[in-house]
Structure formats: structure tokens, C-alpha cells
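A quick write-up on the structure given underneath.
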Amino acid sequence: MQHKTQLTLSFLLSQVLLLACAEDLECVPGFQRKIFYIEQPFEFTEDQPVLNLEFDDCKGNNKLNFEVSNPDFKVERDGSLVALKNVSEAGRALFVHARSEHAEDMAEILIVGANEKHGALKEIFKIEGNLGIPRQKRAILATPILIPENQRPPFPRSVGKVIRSEGTEGAKFRLSGKGVDQDPKGIFRINEISGDVSVTRALDREAIANYELEVEVTDLSGKTIDGPVRLDISVIDQNDNRPMFKEGPYVGHVMEGSPTGTTVMRMTAFDADDSSTDNALLRYHILKQTPTKPSPNMFYIDPEKGDIVTVVSPVLLDRETMETPKYELVIEAKDMGGLDVGLTGTATATILVDDKNDHPPEFTQKEFQATVKEGVTGVIVNLTVGDRDDPATGAWRAVYTIINGNPGQSFEIHTNPQTNEGMLSVVKPLDYEISAFHTLLIKVENEDPLIPDIAYGPSSTATVQITVEDVNEGPLFHPNPMTVTKQENIPIGSVVLTVNATDPDTLQHQTIRYSVFKDPAGWLEINPTNGTISTTAILDRESPYVQNNIYTALFLAIDSGNPPATGTGTLHITLQDVNDNVPSLYPTLAKVCDDAKDLRVVVLGASDKDLHPNTDPFKFELSKQSGPEKLWRITKLNNTHAQVILLQNLKKANYNIPISVTDSGKPPLTNNTELKLQVCSCKKSKMDCSATDALHISMTLILLSLFSLFCL
């Protein structure tokens with residue numbers, strides 16, 4: 001608006017200056033006055049002339065017609081502006097477009113209050129007075145030019161004229177600026193002799209709304225002799241852009257039962273035309289609603305703001321009674337303030353009626369029945385409920401609770417997420433002999449709380465009657481597992497244990513027989529009638545079937561039912577150690593050089609499969625040596641090791657050294673064995689034990705390493 005006022009002031013000033021040199025001007029085609037002021041009346045009266053517009057194409061005004069930007073007004077053939085009806089609000093400006101056979105022009109009518117008009121004119125004359133320029137010295141007069149956008153050919157067409165009050169022979173007008181010699185180039189040009197300004201093609205206000213050009217006068221050599229003077233060209237908006245909805249998709253939500261007048265969403269469109277004119281003044285309207293039930297007018301849109309609100313009562317806005325909770329509205333935006341001549345654009349608004357928890361879940365029946373066999377776990381019955389709320393929300397999803405009849409926590413109930421049913425399960429096996437019937441009281445609620453005025457009723461609880469069926473259960477061993485301690489090597493036929501198994505089916509009179517199920521070493525048997533377990537072989541603690549001194553066997557107790565049921569019992573026998581294993585000696589082979597200086601031949605070690613105290617400390621001894629003189633001796637190093645030492649160097653040969661090792665058991669056990677000693681020739685760190693003489697003494701043990709056990 002500020003820019004428009006500046007243009008108006010500039011134009012009025014130019015008109016004042018133009019009057020000063022009117023005697024020098026020739027006829028200029030177009031409106032003889034470009035801008036008009038009219039005071040805002042209380043109302044424009046129908047068919048009452050408002051003002052008179054003077055248009056002259058300088059050639060008789062043949063085929064002259066006028067167009068007014070506001071359809072509530074028209075211009076008669078004689079130039080009179082009249083209202084077509086009583087109009088109380090016409091906006092801030094009207095534009096009149098005139099076209100004849102030889103000329104075309106645009107005039108602007110500003111609607112202002114009396115104070116605004118007086119102030120504007122006063123400012124104009126003040127400016128004129130301040131200029132202090134004698135009228136006869138005013139050289140260039142460049143009045144603002146208004147051009148409608150989207151003009152039709154032919155081009156170029158005259159749009160205005162620049163006037164120079166004093167003519168200079170050979171002087172020429174020159175035009176420059178954006179739209180002339182700057183991009184976009186070539187839109188405007190000026191007749192260098194007459195000063196006529198023309199446009200070469202149709203303009204688009206949405207691309208460029210204003211052009212600021214400069215006009216100057218040059219001599220024949222191109223030197224500026226007057227100016228430059230600013231020439232403002234404004235592009236007058238035409239209604240050439242439809243409203244557009246750019247922010248879609250448009251989706252709104254409203255809670256069911258909302259009060260009438262609840263705002264759902266806002267729809268706003270964009271119009272690229274001049275926002276200060278009716279060309280971009282939008283009005284909104286609902287063209288279509290789908291579906292049309294329960295009312296064809298469920299919603300209303302504010303024509304100016306675009307706010308969509310509910311217009312039906314909360315009772316009709318009931319999601320559970322609707323054909324569908326989704327409504328689609330075709331919204332139309334029309335410019336020109338919604339008049340029939342306005343351009344339109346449409347978009348679809350989707351409105352979803354959201355659910356609130358206004359319906360409690362209800363069991364489909366008051367009592368449910370279930371049957372389960374004793375000893376079995378898992379789901380036994382599915383409890384069904386109905387809920388009219390939205391299945392995709394917590395207002396529909398059910399939560400089940402057992403509120404009575406489950407003291408032993410034998411039952412649990414969970415929600416099936418697909419069906420919303422309550423899956424009642426047995427999680428601890430039931431015993432028919434303890435209770436053949438169970439009665440559970442179960443309630444159902446929603447994940448989301450109910451709205452304040454709704455409560456859970458009697459239909460939100462149900463009873464489940466559960467019947468337990470008797471099953472022939474296998475006998476039970478007491479205790480299980482069974483443990484006993486026995487000494488290994490007890491005589492065959494010794495009694496280990498008498499087992500005890502009972503039948504849990506106390507209401508049935510059944511007999512029990514026993515059998516061996518798993519006896520890895522084959523050491524045991526059981527009396528099928530009384531359950532006495534006896535040995536059938538020697539119990540050996542050192543057997544590979546014994547782990548950590550414990551031997552494990554499994555036995556069966558079988559009742560006389562039809563079919564018979566079986567129970568399994570586990571027996572752990574802890575075996576006590578007996579000194580029944582002689583110690584073993586290692587290594588059994590040793591090598592030594594015939595010229596060795598270190599006569600400590602080998603370190604011997606002993607081991608025993610038995611347990612302490614039937615093992616170490618071990619006693620090492622040499623058996624009687626043959627020959628006239630002693631060749632070696634044995635020395636104890638610790639409880640488990642001893643060292644053999646030569647008393648002199650020996651000839652290259654094989655020797656057998658008799659050694660005995662005795663454990664600490666009661667009674668002790670002795671192992672007599674032989675150590676084979678090879679006396680070899682050694683040269684350059686190489687030992688040659690081949691071609692030895694005949695053996696002198698027998699041996700049985702193997703040498704593993706000369707120094708491997710030396711430090712033990």
C-alpha cells in the first residue's frame with residue numbers, strides 16, 4: 001500500500017507539472033487522468049454515478065469498452081462509473097481497463113476517507129512548492145505507467161509517453177534499466193523522437209510486479225543533455241491464478257461425542273495474485289461430504305478462515321453407530337471473494353472420528369465350562385468378550401484378572417492380541433485326588449480407563465467351572481533321588497537298599513512292581529515285589545562308570561493300571577575306598593653315558609588308583625643286587641618320588657635294576673618291578689646305545705625324561 005501511495009503521489013505531482021506545460025503537449029492516447037480519488041460513502045447506491053472517467057484514443061474512440069476489476073461496478077459508454085447494486089464495501093481500490101480500436105489504458109480509483117484525500121493533495125502541492133523550479137525550465141516529464149498483465153497481441157503496444165517541455169534539435173530519448181537493457185531485456189522500448197513508451201510482450205505480475213526505469217535525453221553524439229529521470233511502471237494484477245492447496249494431505253481428527261462447534265482442522269489455500277486485491281481474496285466452501293450419514297452436513301467450514309468445525313450434536317458424532325469413522329470433504333477455495341467470476345481450486349480433507357472408551361467390554365456368556373486332565377498344563381478355555389470400541393485402541397483391548405478361586409496360583413489368564421479373547425491356562429498341574437472341581441471368578445477391563453460417566457457392569461465378570469479328569473499316574477519314589485554309602489568290593493549278593501514307591505491314585509487299589517531301568521556297569525538287581533536292591537558283581541570305585549566316587553542307577557516302579565503307569569527313581573551309591581590297587585612305578589627306562597660324571601641316573605615316581613590313606617607316602621627299595629659289588633643305590637626324595645644313583649661308571653651294556661614300591665594302606669600293597677638301564681657311548685653330544693652287551697639285570701619300567709620329575 002505504501003508503494004501504491006508513492007506511485008499516486010508521483011503521478012499527481014506529474015499531473016501538476018503537466019498542466020504547467022500543457023500548451024506544448026499534443027494528444028496522448030488513453031485515460032486523460034490515471035488516478036482518481038473518491039470519498040468512501042456509507043453505501044454506493046445502485047445505478048447512481050460515482051465519477052466520470054475521460055478516455056481518448058485521439059482517433060474518435062471507435063469500439064470503446066470498459067472493464068472494472070470489481071464486478072459490482074461498470075463504466076457506461078460516456079465514462080460514468082456506476083454501481084450495479086447497493087454496495088457497502090468496495091475495497092480500497094478499483095481498476096478500470098479501457099480498450100478501443102486504437103488504444104488501451106488502465107486507470108486506478110482509490111477509495112479513501114476525506115482526511116486521506118485532503119492530506120495526499122496537500123502533500124503533492126507542498127512537494128511542488130518545495131521544488132522551486134520555474135515551470136518553463138522543467139525539461140522531462142515521466143509520469144508513472146500502469147500496465148495490466150496478460151495483455152493480448154498485437155505487440156508492441158503503446159502504454160505511455162515521456163514528454164520534454166523544451167525541444168532541442170537532434171535530441172533523442174533514451175530508456176534504460178531492468179526490462180530494457182538489463183535482464184529481462186527488451187520488454188520496454190521508447191520512441192527516441194516522440195517519447196512513446198511501448199511494451200513488446202505480455203507481462204506477468206507474479207514474475208515481476210514493478211519496473212524502475214530511467215529516461216534521459218541525449219544529443220546526436222549520445223551525450224546526456226537532460227536527466228536521467230525515473231520512470232515507474234507498475235503491472236496491474238489480473239485474476240489469472242487459481243487458488244492452490246499446497247500443504248496436503250489434509251487429515252484432521254475429532255473425538256467422538258465432541259460438542260457442536262468443535263474445531264477439527266484448518267484448510268488454507270494460496271493465490272499467487274495480488275494479495276491487496278480481490279483477485280487473491282479467498283472464500284472457502286464444502287462441495288461434497290462422503291459419506292452423507294448420519295447427516296449430509298456433519299461439518300462446516302469458515303468461509304474466510306478455512307476452519308472446519310462440527311455442526312451436528314454430540315449424539316450423532318458416535319463412532320460406534322457411524323457407517324464409517326472416516327469422512328472425506330471436498331473443499332473449494334474461490335478467489336474474488338467467492339463471487340461467481342472467481343477462479344477455484346479444490347482439495348480433499350480427511351476427517352477421522354477418534355474413539356473414546358465409552359463402551360466397557362462384556363462377556364458373551366455369564367458362565368464358561370472347561371475340562372482338564374490332572375497333571376496337564378496349557379490353555380484350557382478361551383473366554384470371549386464383546387466391545388464396540390475401536391479395535392486398534394486401548395479402549396478395545398481387554399485385560400483379564402482372576403479375582404477368586406485361585407489360591408494356589410494354578411491358573412493364569414492372558415489376552416489373545418488378535419482376537420481379544422481371554423486364554424485361561426493351567427500353569428501348575430492339578431491333582432484329581434486333591435480336588436476334582438475348581439470355580440474361578442474372572443473380570444475383564446480395558447487397557448484405557450472408561451470415560452467418567454461410564455462404569456463396568458455385571459457383564460464384565462464371568463464364572464469358569466473347571467472339571468479335573470482322573471488320570472492313572474505313575475508311582476512316586478520316596479525319596480527321589482535315593483542315596484546310600486557302601487564300601488567297594490562288598491560280596492556279591494549284598495543288599496544295597498530297599499526302595500519305597502507309592503501310587504498317587506489313592507482312590508484306585510493298585511499293586512506296584514519294580515525293575516531295573518538303567519544300570520551302566522551291570523552291578524545291581526531289584527526284587528520286583530519288595531524293591532530290595534542287591535549286588536550282582538563287585539562294586540569297584542575305580543571303575544569308569546563311577547564319577548566322583550558315586551555310582552548312579554535308575555529303577556522303575558510300575559502300577560497295575562490299564563494301561564499301566566510308570567514312575568522312575570534315581571539311586572546314588574557313594575563308594576568308599578579299599579586298598580585294592582598296588583602302586584605303579586614310572587619311568588621304566590633310563591639312559592646314561594658310560595663316561596658320565598653325574599651318576600644320578602633317574603628320578604622315579606609312584607602313583608596309586610586308590611584314595612588317601614591307601615596311597616602315599618610310598619616306600620622305595622632295591623631288591624638284592626647280584627655280583628660281588630654294589631653298582632647302584634636308591635634315595636627317597638619325597639612321599640611320591642625317589643632317585644636312582646650309580647655308584648660307579650659302567651661299561652656299555654643293558655642293566656635291569658629290581659625295585660619294589662609299597663603304599664601306605666592297611667594292609668600295605670607292594671609292587672616289584674624292574675628299571676631298564678642302558679649305558680651308552682657318548683661322543684660330541686651324541687648318545688649311541690646300539691650294540692650293547694648282554695643284559696646284566698632285568699627291568700620293567702620306561703624312562704620318560706631324565707629331569708622331568710627331578711624337582712618334585
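Just so it is clear, the values below take in all heavy atoms, side chains as well, and ignore hydrogens, waters and symmetry mates.
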- Side-chain donor or acceptor of Thr263 paired with backbone N/O of Met265 under 3.5 Å: no
- Query: Quick one: does Thr45's side chain get under 4.5 Å of Asn86's, heavy atoms only?
  - Reply: yes
- Roughly how far, to the nearest 0.5 Å, is the CD1 atom of Ile301 from the CD1 atom of Ile308? 4.5 Å
- In Å, rounded to the nearest 0.5 Å, how long is the span from CG of Asn279 to CD of Glu149? 8.0 Å
- Query: Do Asn357 and Asp448 have side-chain atoms, one donor and one acceptor, less than 3.5 Å apart?
  - Reply: no
- Identify the heavy atoms of Val330 and Thr348 that sit nearest to each other, and give their distance. CG2-OG1, 4.4 Å
- Query: So, does Asn416 use its side chain to make a donor-acceptor pair with the main chain of Thr419 at under 3.5 Å?
  - Reply: yes
- Is any NZ, NE, NH1 or NH2 atom of the basic residue among Glu212 and Arg230 found under 4.0 Å from an Asp or Glu carboxylate oxygen of the other? yes
- Of all the heavy-atom pairs spanning Leu213 and Ile233, show the shortest one and how long it is. CD1-CD1, 3.6 Å
- Report yes if some heavy atom in the side chain of Thr321 is under 4.5 Å from a heavy atom in the side chain of Lys293; otherwise report no. no
- Name all pairs fulfilling the salt bridge (charged side-chain N to carboxylate O under 4.0 Å, His left out) condition that reach into residues 260-272, sequence neighbours left out, sorted by first residue then second. Arg266-Asp307
- Can you find a pair of side-chain heavy atoms, one from Thr310 and one from Met298, that are under 4.5 Å apart? no
- Do the rings of Tyr284 and Phe245 sit parallel, tilted or perpendicular, given the 30° and 60° boundaries? tilted
- Which atoms form the tightest heavy-atom contact between Asp355 and Ala395, and what is the distance? OD2-CB, 3.6 Å
- Could you please spell out the steps behind the side chain to side chain contact (heavy atoms under 4.5 Å, CB included) verdict for Met322 and Glu256? CA-CA 10 Å; Met322 290 178 173; Glu256 65 171 329; over 6 Å; no
- Note on the structure: What one should report as the nearest heavy-atom pair of Val444 and Tyr400 is CG2-CE2, 3.7 Å
- Phe44 side chain near Ile38 side chain, heavy-atom distance below 4.5 Å: yes
- For Asp57 and His102, does a side-chain donor sit closer than 3.5 Å to a side-chain acceptor? no
- Message: Would you say that Phe411 contacts Leu430 through its side chain, given a criterion of any heavy-atom pair below 4.5 Å between the two side chains?
- Response: yes
- Item | Test item: Gln409 side-chain N/O and Asn406 main-chain N/O as donor-acceptor pair under 3.5 Å | yes
- Message: Just by distance, no angles: are the side chains of Asn420 and Asp387 close enough, under 3.5 Å, to form a donor-acceptor pair?
- Response: no
- Item | With Glu367 via side-chain hydrogen bond (donor to acceptor under 3.5 Å, both in side chains) - residues at least two apart | Gln369
- Message: If I take atom CE from residue Met423 and atom CG from residue Leu383, how far apart are they, to the nearest 0.5 angstrom?
- Response: 10.5 Å
- Note on the structure: Tightest non-hydrogen contact, residues Pro314 and Gly257, listed as CB-O, 3.4 Å
- Task: Please say whether more than 12 non-hydrogen atoms of neighbouring residues, nucleotides or ligands are located less than 6.0 Å from NZ in Lys366.
- Result: yes
- Give, for atom NZ of Lys326 and atom OG1 of Thr290, the distance between the pair rounded to the nearest 0.5 Å. 10.5 Å
- Message: Using only atom types and a distance under 3.5 Å, with no angle test, would you say the side chain of Thr415 pairs donor to acceptor with the backbone of Ala398?
- Response: yes
- Task: Give me the ring orientation class for Phe363 and Phe368: parallel if the planes are under 30° apart, tilted from 30 to 60°, perpendicular past 60°.
- Result: perpendicular
- For Arg152, look at atom CZ and say whether over 12 heavy atoms of other residues, nucleotides or ligands are found less than 6.0 Å away. no
- Query: In Å, rounded to the nearest 0.5 Å, how long is the span from CG of Asn446 to CH2 of Trp396?
  - Reply: 10.0 Å
- Item | Verdict with reasoning, Arg33 to Glu54, per side chain to side chain contact (heavy atoms under 4.5 Å, CB included) | CA-CA 7 Å; Arg33 182 178 172 187; Glu54 184 179 353; over 6 Å; no
- Do side-chain atoms of Gln289 reach the backbone of Pro291 as a donor and acceptor pair under 3.5 angstrom? yes
- Message: Using a 3.5 Å distance criterion without hydrogens, assess whether the side chain of Asn382 forms a donor-acceptor pair with backbone atoms of Glu421.
- Response: no
- Item | Ser460 side-chain N/O to Pro361 backbone N/O, donor-acceptor pair under 3.5 Å | yes
- Task: State, with a plain yes or no, whether a side-chain heavy atom of Pro429 is found less than 4.5 Å away from one of Thr377.
- Result: yes
- Message: side chain to side chain contact (heavy atoms under 4.5 Å, CB included), that's the test. Do Val199 and Phe155 meet it? Break it down for me.
- Response: CA-CA 7 Å; Val199 64; Phe155 290 105; 4.1 Å; yes
- Where do Asp274 and Arg205 come nearest, in terms of heavy atoms and distance? N-NH2, 2.8 Å
- Message: With rounding to the nearest 0.5 angstrom, report the CG to CE distance, Asn239 to Met336.
- Response: 5.5 Å
- Message: Does Met255, at its CE atom, have more than 12 non-hydrogen atoms belonging to other residues, nucleotides or ligands within less than 6.0 Å?
- Response: yes
- Within 6.0 Å of CG in Asn62, more than 12 heavy atoms from elsewhere: yes
- Message: Taking the side chain as everything from C-beta on, heavy atoms only, tell me whether Lys178 gets closer than 4.5 Å to Ile208.
- Response: yes
- Query: Distance-only, no hydrogens or angles: does the Lys428 side chain make a donor-acceptor pair with backbone N or O of Gly408 under 3.5 Å?
  - Reply: yes
- Test item: Thr384 side-chain N/O and Thr364 main-chain N/O as donor-acceptor pair under 3.5 Å: no
- Message: Angle between ring planes, Phe66 versus Phe31, binned at 30° and 60°: parallel, tilted or perpendicular?
- Response: tilted
- Message: Can a donor-acceptor pair be found, under 3.5 Å and without considering hydrogens, that links the side chain of Asn61 to the backbone of Phe55?
- Response: yes
- Message: Within the structure provided, determine whether Glu473 and Asp431 are in side-chain contact (heavy-atom separation under 4.5 Å).
- Response: yes
- Item | Glu374 vs Asp470, side chain to side chain contact (heavy atoms under 4.5 Å, CB included): CA-CA, chis, key distance, verdict | CA-CA 6 Å; Glu374 65 172 333; Asp470 189 23; 2.6 Å; yes
